[in-house]
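Sequential numbering from 1 along the given sequence is applied to the chain's residues. Both counts, for ligands and for their atoms, begin at 1 and track the order of listing. No hydrogens, no waters, no symmetry mates; every other heavy atom, side chains included, goes into these values.
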Amino acid sequence: MPLKQVEILGVNVNSLTMAQAVEAVQQFIAEKKVALVATANAEMLMRSTQDEELKDILNQADLVVPDGAGTVWAAGHLGEPMPERVAGFDLAQELMREAPARGDRIYFFGSAPGVADKAKAKAEELYPGIQVVGTRNGFFTEADEPGIIAEIKAARPDILLAALGVPKQEKWLKKHMQELQVPVSIGVGGTLDVMAGVMERAPLWMQKAKLEWLFRGLKQPSRAGRLLALPKFVLKVVASKK
Ligand code: UDP
């Protein structure tokens, strides 16, 4: 059965549970499809209103999960409530938890030098038997790209987790996914940073109170300006309601 979609600020976001998202990704792997998965939070949806390329990539993606309280709120406000939030970080963890038994091979691409290796060590501790078949930091020049692509291809991952930030990760994956021939590529933002312990995730009570965005803004003052994206998003969604 095709998954339901809700259009939020011109982007079709899938309405689904975490379990359905995991199943969809595993289905892509089984089909050996070359699929792109995006994790749409309020900031990404706001950005896509000013970035046509990003908007097109999201609308052509095979799966767009509702990452964040803002996205789930918007769907509800537009009269199409979603079952739950599917955060990119959590989706990556669920896929990794099931990877050892399924034999899924994972590649970590992105973040500062050393971070992906630390995240790999963490994954091996959390999910015994996991095959993280390669790591590569996310800082490179165009001249490095053929080498990076060759490295990823040679590692033959089933899942490529790309943590280059928005919209770099989506644009990079879109441009190279056919050449890479990895069944599933997912843009996961700060996931490797959190796994490596470089960046803290909000405490559970704040996640439950839907205040993760506030935590991130306070922890990284350089991002404080980005906090404004949320109220702007709310106003834009309200204005977009037909
Ligand atoms: N990053 C990267 N290459 C770049 C820019 C950023 O690998 O050229 C990494 C950065 O180190 C961080 C991740 O991208 O680990 C996500 O960054 P940020 O939290 O700013 O992204 P967002 O919240 O927009 O996904």
Side-chain angles (χ1 to χ4, degrees), residues 9 11 13 36-51 53-55 57-58 61 64-71 85-93 96 106-123 132 134-145 147-149 151-152 160-176 180 185-202 206-207 210-230 232-233:
L9 302 185
V11 173
V13 181
L36 180 64
V37 177
T39 64
N41 60 15
E43 217 181 313
M44 190 192 278
L45 293 172
M46 271 305 276
R47 189 182 269 267
S48 72
T49 64
Q50 290 162 356
D51 183 338
E53 185 188 348
L54 176 63
K55 181 186 270 186
I57 292 171
L58 296 178
V64 180
V65 300
D67 179 336
T71 306
R85 176 177 89 114
V86 179
F89 178 86
D90 297 328
L91 175 61
Q93 304 308 307
M96 285 192 271
I106 325 251
Y107 196 104
F108 289 171
F109 173 37
S111 54
V115 172
D117 289 322
K118 273 196 195 146
K120 177 179 186 229
K122 186 72 189 178
V132 178
T135 60
R136 173 62 166 88
N137 74 65
F139 292 85
F140 53 88
T141 63
E142 232 180 296
D144 299 324
E145 291 191 21
I148 295 173
I149 291 166
E151 232 175 271
I152 297 173
L160 171 60
L161 297 183
L164 307 174
V166 178
K168 187 171 175 182
Q169 58 201 21
E170 287 74 24
K171 291 182 181 178
W172 197 90
L173 290 172
K174 183 71 185 180
K175 188 167 170 198
H176 301 293
L180 288 167
S185 296
I186 315 179
V188 291
T191 292
L192 300 180
D193 285 343
V194 175
M195 288 187 74
V198 177
M199 194 172 79
E200 233 180 305
R201 198 163 181 217
M206 276 188 108
Q207 291 184 38
K210 304 188 167 45
L211 291 174
E212 190 155 20
W213 55 275
L214 179 63
F215 178 84
R216 294 184 84 188
L218 295 175
K219 271 280 167 187
Q220 291 172 278
S222 60
R223 298 174 64 119
R226 291 163 64 171
L227 278 179
L228 275 179
L230 200 66
K232 282 187 192 157
F233 173 76

Query raised in the report: Just going by heavy-atom distances, which of N137, L164, N41 is nearest to atom 1 (N) of ligand 1?
Result: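 It is L164 whose heavy atom sits nearest to atom 1 (N) of ligand 1.
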Show which atoms of ligand 1 fall inside a sub-4.0 Å distance from at least one heavy-atom site of [X].
X	value
G189	13 (C), 16 (C), 25 (O)
A112	11 (O)
G110	7 (O)
K168	4 (C), 8 (O)
S111	2 (C), 7 (O), 9 (C), 11 (O), 15 (O)
D193	12 (C), 15 (O)

Can you confirm whether [X] sits close enough to [Y] that some side-chain heavy atom of one is under 4.5 Å from a side-chain heavy atom of the other?
X	Y	result
R85	D90	yes
M46	L230	no
F140	L164	yes
E170	R47	no
R201	F215	no
F89	M195	yes
N137	V115	no
W213	L211	yes

Salt bridge flag under 4.0 Å for residues E43 and R216:
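Answer for the salt bridge query: no.
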For [atom], what's the nearest protein heavy atom and its distance?
atom	result
atom 22 (P) of ligand 1	R226 NH2, 3.7 Å
atom 9 (C) of ligand 1	A163 O, 3.4 Å
atom 19 (O) of ligand 1	R223 NH1, 3.0 Å
atom 3 (N) of ligand 1	G138 O, 2.7 Å
atom 21 (O) of ligand 1	G165 CA, 3.5 Å

Next item on the list: Report yes if F139 has an N/O atom closer than 3.5 Å to an N/O atom of ligand 1; otherwise report no.
Entry: no
Checklist line | E43 to ligand 1, any heavy atom closer than 4.0 Å | finding: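 False for this residue.
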Under 4.0 Å between heavy atoms, the region of R136 that gets near ligand 1 turns out to be neither
What distance separates T135 OG1 from D117 CG, expressed to the nearest 0.5 Å?
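Reported value, rounded in 0.5 Å steps: 3.5 Å.
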